[in-house]
Protein chains: 2
Amino acid sequence: MDPLLLTHLQSNIHLTDEQLSELEGFFQPRQLKKKHYLLQEGEINLGLAFVTEGLLRSYKVDSNGFEHVLQFAPPGWWMADMKSLNRQEPAELFIEALEPTAYLFITRQKLDLAFKEIPQLERHFRMLAENAVIAYQQRLIGNLSLPAIERFATFCRLYPTLTRSLPHKQIASFIGVTPEFFSKMINNTPLPD
Amino acid sequence: MDPLLLTHLQSNIHLTDEQLSELEGFFQPRQLKKKHYLLQEGEINLGLAFVTEGLLRSYKVDSNGFEHVLQFAPPGWWMADMKSLNRQEPAELFIEALEPTAYLFITRQKLDLAFKEIPQLERHFRMLAENAVIAYQQRLIGNLSLPAIERFATFCRLYPTLTRSLPHKQIASFIGVTPEFFSKMINNTPLPD
DNA sequence: ATTTTTTCTTAATCCAGATTAAGTAGCATT
DNA sequence: AATGCTACTTAATCTGGATTAAGAAAAAAT
């Protein structure tokens, strides 16, 4: 079992060695080259990815062709288009590798099976989803009440490892401004060192 | 057992009569008068509310004193400050009755107990939380990519029963505009009948 | 019924951030 | 080393929605 996944699971639940090895069998290790896609709009998201190396991003392309980043997934994070995955309908999102990325993939069928075999997993994923709800609520409130510069500060707290390594346009897209405005903003208020 | 709660639970899981009556015992029926609070900023959210009659709203007051509505809860919906509830920390949100409201209240302790006694509940609440994540993702994308008038249209689809009954300022606060702008917008583009 | 409060409207002015456009710098590819 | 790409910057102009201010109308309280 991947050590990152193990730590992740153990943060919420305890599983026996037997359960862990059964669970391990449900995952398949996969890779993506930089700029390749895990999912494209219109496809059906067939499973859930747990990133072990690299970086994924999910984004929506709106009716004017602009991209809006929903989530970045560095190692230790899950990634999927949950709407497409849960309802087995065409995806609205793209999921792309921003770096060469390794991940563990579990299909919806296997995940359902895993929930049946290892009921504690329901608990783990419930808590995971609840935390995601909290995070999206915070982000929504931030988008409604904070100016761009403070949303950027919030971003830096959320993804400290990415703040330096990510192209500015990706951060701009996440916090909801244009790259042009981001550039202006950042050059008036430089990064704290 | 309240018929609304029963239908709600049965949408995702099946429970025996015994389990249902045990679960029923965990809830206490409560009421709120109009404009009274279920929760105020700084308090710790001690439990989860399932609305059976009336209407609740949760909102955040930002540093400039402006309110931002996170959620409305008409009958059949759950309401809580999940961050405060899950982490037992002071709430950022207010939860207020917009109408005289009846709800079933379950404390965190009893909910934890219910999860232990009735493991299928984990599944139900996992699915609930996942759907909430999806809803917040959609709303976030809408806020980033749609003009106010289309966010209003989305609102009308999400809460069809509330579109007519709610004060405009509440709708404005939910979609993220000022009441003044909402008024201007709505009077340029009247409601479809 | 009258006062008070809250909701809703209109209109003028203002501003954060978008748009457009042009240019620079780096980094791949050939 | 030339030809792209893509990231990033700068600056002028524009705009969706905010702010401010005032009044009208509806609802609640007395």
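Residue numbering restarts at 1 for every chain, and letters A, B, ... go by the order of the sequence lines. As the structure is a computational prediction, the values presented were derived from the model and not from experiment. Computation of the quantities below employed the complete heavy-atom set of this structure, encompassing side-chain atoms and omitting hydrogens, waters and symmetry-equivalent molecules.
Using a 4.0 Å cut-off, some side-chain N or O of Lys34(B) falls inside it from OP1 or OP2 of dA28(D). The side chain of Ser183(A) places no N or O atom within less than 4.0 Å of a non-bridging phosphate oxygen (OP1 or OP2) of dC8(D).
Side-chain contact between Leu5(A) and Leu23(A) is absent, with no heavy-atom pair separated by less than 4.5 Å. A heavy-atom distance below 4.5 Å is found between the side chains of Arg108(B) and Leu85(B).
Using the six-membered ring where Trp is involved, Phe182(A) and Phe152(A) have ring planes that are perpendicular, over 60° apart on the 30 and 60° scheme. Aromatic ring orientation, Tyr159(B) versus Phe174(B): perpendicular (interplanar angle above 60°, classes split at 30° and 60°). Using cut-offs of 30° and 60° for the angle between ring planes, the Phe105(B) and Tyr103(B) rings count as perpendicular.
Between Gln170(B) and Gly176(A), the residue anchored closer to the 5' end of DNA chain C is Gln170(B), taking for each the nucleotide with the nearest heavy atom. Positionally, the nearest nucleotide of DNA chain C for Lys169(B) lies more toward the 5' end than for the other of Phe181(B) and Lys169(B). The 5' end of DNA chain D is approached more closely, in terms of each residue's nearest nucleotide, by Lys35(A) than by the other of Phe182(B) and Lys35(A).
Between the CE atom of Met185(A) and the C1' atom of dC8(D) there is a distance of 14 Å, rounded to whole Å. Taking atom CG on Asn188(A) and atom C1' on dT10(D), their separation rounds to 11 Å, with Å as the unit. Computed from coordinates, the Glu180(A) CD to dC14(D) C1' distance equals 14 Å when rounded to whole Å. If you take CD of Glu99(B) and P of dA27(D), they are 13 Å apart, rounded to a whole angstrom. Look at CD1 on Ile149(B): it is 10 Å from P on dG17(D), rounded to the nearest Å. Computed from coordinates, the His168(B) NE2 to dA26(D) C1' distance equals 13 Å when rounded to whole Å.
Checked against the 6.0 Å centroid criterion, the rings of Phe27(B) and Phe50(B) do not qualify as a close aromatic pair.
Applying the side-chain hydrogen bond (donor to acceptor under 3.5 Å, both in side chains) test to residues at least two apart or on different chains, none of the pairs has a partner in residues 41-54 of chain A.
Nucleotides of DNA chain C lying under 4.0 Å from heavy atoms of chain A occupy a range whose first and last members, 5' to 3', are dG17(C) to dA21(C).
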